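A short write-up of the structure that comes next.
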Amino acid sequence: MISIERIRKDFPILGREVYGKPLVYLDNAATTQKPQCVIDAISEAYCNENANVHRGIHFLSQQATDMMEAAREKVRQFIGAGSTEEIIFTRGTTESMNLLASSFAAAFLKEGDEIIISGMEHHSNIVPWQIQAQRYGFKIRIIPVTDLGELDMDAFRALLNPKTKLVSITHVSNVLGTVNPVSGIIGLAHSHGIPVAVDGAQSVPHIKVNVQELGADFYAFSGHKIYGPTGIGVLYGRKELMEKMPPYQGGGEMIKRVTFEKTTYNELPYRFEAGTPDYVGSIALGTALDYVQEIGMEQIAAYEKELCAYALSLLGEIPGMRFIGNAPERSAVISFLVGNIHPSDMGTLLDRLGIAVRTGHHCAEPLMDRMGIPGTVRASFSFYNTKAEIDALKAGIERVRAMF
Ligand code: PLP
């Protein structure tokens with residue numbers, strides 16, 4: 001059982017006020033707050049261990065390198081990857097997806113090929129593919145989204161064909177909260193010999209993920225959404241595929257030997273990590289992963305599920321409440337509209353009450369078009385949120401409603 005009172009004390013920012021009111025932070029899908037141990041890990045690394053990694057033979061450089069590589073091992077264990085060679089540090093999910101699109105397309109995609117994404121993708125699993133499609137001439141096919149906010153699996157089956165070279169899909173929708181049946185999607189794609197990439201930005205912080213059990217060929221996530229620092233993220237890629245893919249960026253660290261005539265590339269994972277990496281970010285991400293594991297991913301998932309069910313039932317009592325996304329399998333995200341109140345008016349007024357929610361299209365404009373709406377208000381939860389905060393959200397929404 002999670003002790004929320006104790007956990008909240010680990011997050012200094014949760015004690016602050018905004019506009020003279022206690023902060024109610026319900027924008028966790030955008031970014032999560034940081035526990036003191038993560039803040040300390042960053043400070044400690046700069047105070048005691050700072051030196052460029054993988055290059056120096058001196059003590060500090062060795063120490064910083066060891067700590068970064070220990071963090072890579074923590075990530076490997078956390079997502080159940082087979083080898084640290086398969087763990088690439090990036091700036092976040094967006095860079096992971098750009099790396100993947102750029103290198104995968106260069107290795108495997110040509111005119112006449114197809115890839116499949118879905119109608120509920122974040123722009124970072126749409127635009128990188130569009131950029132590469134312009135370059136290589138492959139087609140992007142889209143799995144439609146049902147009115148409930150689920151993937152249309154019959155349509156997915158019908159899209160698979162001999163031209164399909166990749167399926168790239170979000171594990172959890174950042175707008176609808178839908179948990180997609182990625183295991184089934186991967187099984188189906190693999191039965192046709194098609195690899196699958198998963199955008200795990202909204203899943204890894206909330207549910208236990210094991211990339212090998214899922215069978216994912218690629219899996220991306222962001223450190224800052226799982227209580228780690230900004231500017232660090234991960235791309236897991238199956239070695240067999242990654243070895244066939246060309247580097248994403250050139251520079252230091254990613255090479256074995258450079259001459260003006262010919263350059264040879266470094267081994268995995270360094271081949272995909274050009275330049276000085278955010279080693280402090282990696283180290284602090286490792287601390288964040290230790291932290292959530294201490295609480296327990298199963299406990300986190302169970303508590304957040306309870307919180308989400310409480311919020312759905314409470315907010316559902318508000319007249320004019322319309323949830324966008326009603327999938328039975330869902331994570332800690334609730335999108336809604338109330339009557340004719342514009343989402344940004346709702347967000348602005350809630351903000352004045354100390355309640356931080358996200359409003360707008362949430363970087364998923366095609367999904368907004370599909371749902372026929374310009375945007376939503378989104379409340380997204382973490383294990384440090386309380387039922388009292390959801391009560392405050394309900395009271396806030398009712399207050400805003402009364403003003404219109
Ligand atoms: N994918 C999903 C589903 C997201 O929710 C987000 C961020 O909100 C991203 C990708 C992009 O993550 P980042 O901005 O950390 O690169």
Side-chain angles (χ1 to χ4, degrees), residues 25-34 38 75 79 88-102 117-131 142-143 145 149-151 167-182 185 196-207 209 216 218-236 248 278 281-282 284-285 288-289 304 324-325 327 329-335 356-368 370 375-382:
Y25 186 77
L26 300 176
D27 194 16
N28 295 287
T31 198
T32 51
Q33 300 302 347
K34 316 305 170 200
V38 168
V75 172
I79 61 167
I88 316 293
F89 282 121
T90 64
R91 284 193 303 121
T93 309
T94 302
E95 190 176 52
S96 296
M97 296 315 292
N98 277 276
L99 185 167
L100 174 64
S102 162
I117 62 172
S118 88
M120 64 169 82
E121 297 309 314
H122 188 280
H123 294 164
S124 64
N125 194 26
I126 302 174
V127 186
W129 298 112
Q130 290 175 326
I131 293 170
I142 314 294
I143 310 170
V145 177
E150 295 180 295
L151 296 179
V167 176
S168 187
I169 206 90
T170 194
H171 196 158
V172 171
S173 162
N174 65 314
V175 177
L176 310 165
T178 310
V179 181
N180 287 320
V182 284
I185 289 171
V196 179
V198 182
D199 171 349
Q202 298 296 344
S203 48
V204 164
H206 303 288
I207 50 185
V209 167
F218 302 98
Y219 203 99
F221 69 96
S222 299
H224 70 98
K225 292 186 197 284
I226 184 161
Y227 312 97
T230 52
I232 190 75
V234 171
L235 176 66
Y236 159 79
Y248 173 52
D278 182 1
S282 301
L285 172 60
L289 298 183
E304 290 178 352
I324 310 299
E329 284 301 319
R330 63 183 305 150
S331 180
V333 172
I334 297 179
S335 266
V357 291
R358 181 69 169 263
T359 64
H361 56 60
H362 315 293
C363 298
E365 286 192 272
L367 179 60
M368 296 297 120
R370 156 65 183 89
T376 76
V377 184
R378 182 185 73 184
S380 52
F381 310 112
S382 156

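These figures come from a predicted structure and were not determined experimentally. Counting starts at 1 for both ligands and their atoms, following the listed order. For the single chain, residues carry numbers from 1 onward in sequence order.
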query = Does a donor on one side chain and an acceptor on the other come within less than 3.5 Å for S173 and T178?
reply = no
ask   = If we ignore angles and hydrogens, is there a donor and acceptor under 3.5 Å between the side chains of T376 and H362?
value = yes
message = As a quick check of understanding, evaluate side-chain contact (heavy atoms from CB on, under 4.5 Å) for N98 and T94, giving each step before the final call.
response = CA-CA 6 Å; N98 277 276; T94 302; 3.7 Å; yes
Quick one: which ligand 1 atoms are inside 4.0 Å of a heavy atom on [X]?
| X | result |
| --- | --- |
| S124 | 1 (N), 9 (C), 10 (C), 11 (C) |
| K225 | 6 (C), 7 (C), 8 (O), 12 (O), 15 (O) |
| T170 | 3 (C) |
| S222 | 12 (O), 13 (P), 15 (O), 16 (O) |

To which protein heavy atom is [atom] closest, and what is the distance rounded to 0.1 Å?
| atom | value |
| --- | --- |
| atom 5 (O) of ligand 1 | Q202 NE2, 2.7 Å |
| atom 4 (C) of ligand 1 | H122 CD2, 3.3 Å |
| atom 11 (C) of ligand 1 | T94 OG1, 3.5 Å |

ask   = Does the ring center of H361 lie less than 6.0 Å from the ring center of H123?
value = yes
query = If every non-hydrogen atom of S380 is compared with every non-hydrogen atom of A29, which pair is closest and at what distance?
reply = OG-N, 2.8 Å
key: side chain to side chain donor-acceptor pair (under 3.5 Å), paired with S222, selected from T93, T90, T32, T230   = T93
ask   = For ligand 1, which part of H224 has a heavy atom less than 4.0 Å away: the side chain, the backbone, both, or neither?
value = side chain
query = In terms of heavy-atom contacts, does CZ of R91 have more than 12 from other residues, nucleotides or ligands at under 6.0 Å?
reply = no
message = Considering T93, D199, V333 one by one, which has a heavy atom nearer to atom 3 (C) of ligand 1 than any of the others?
response = D199
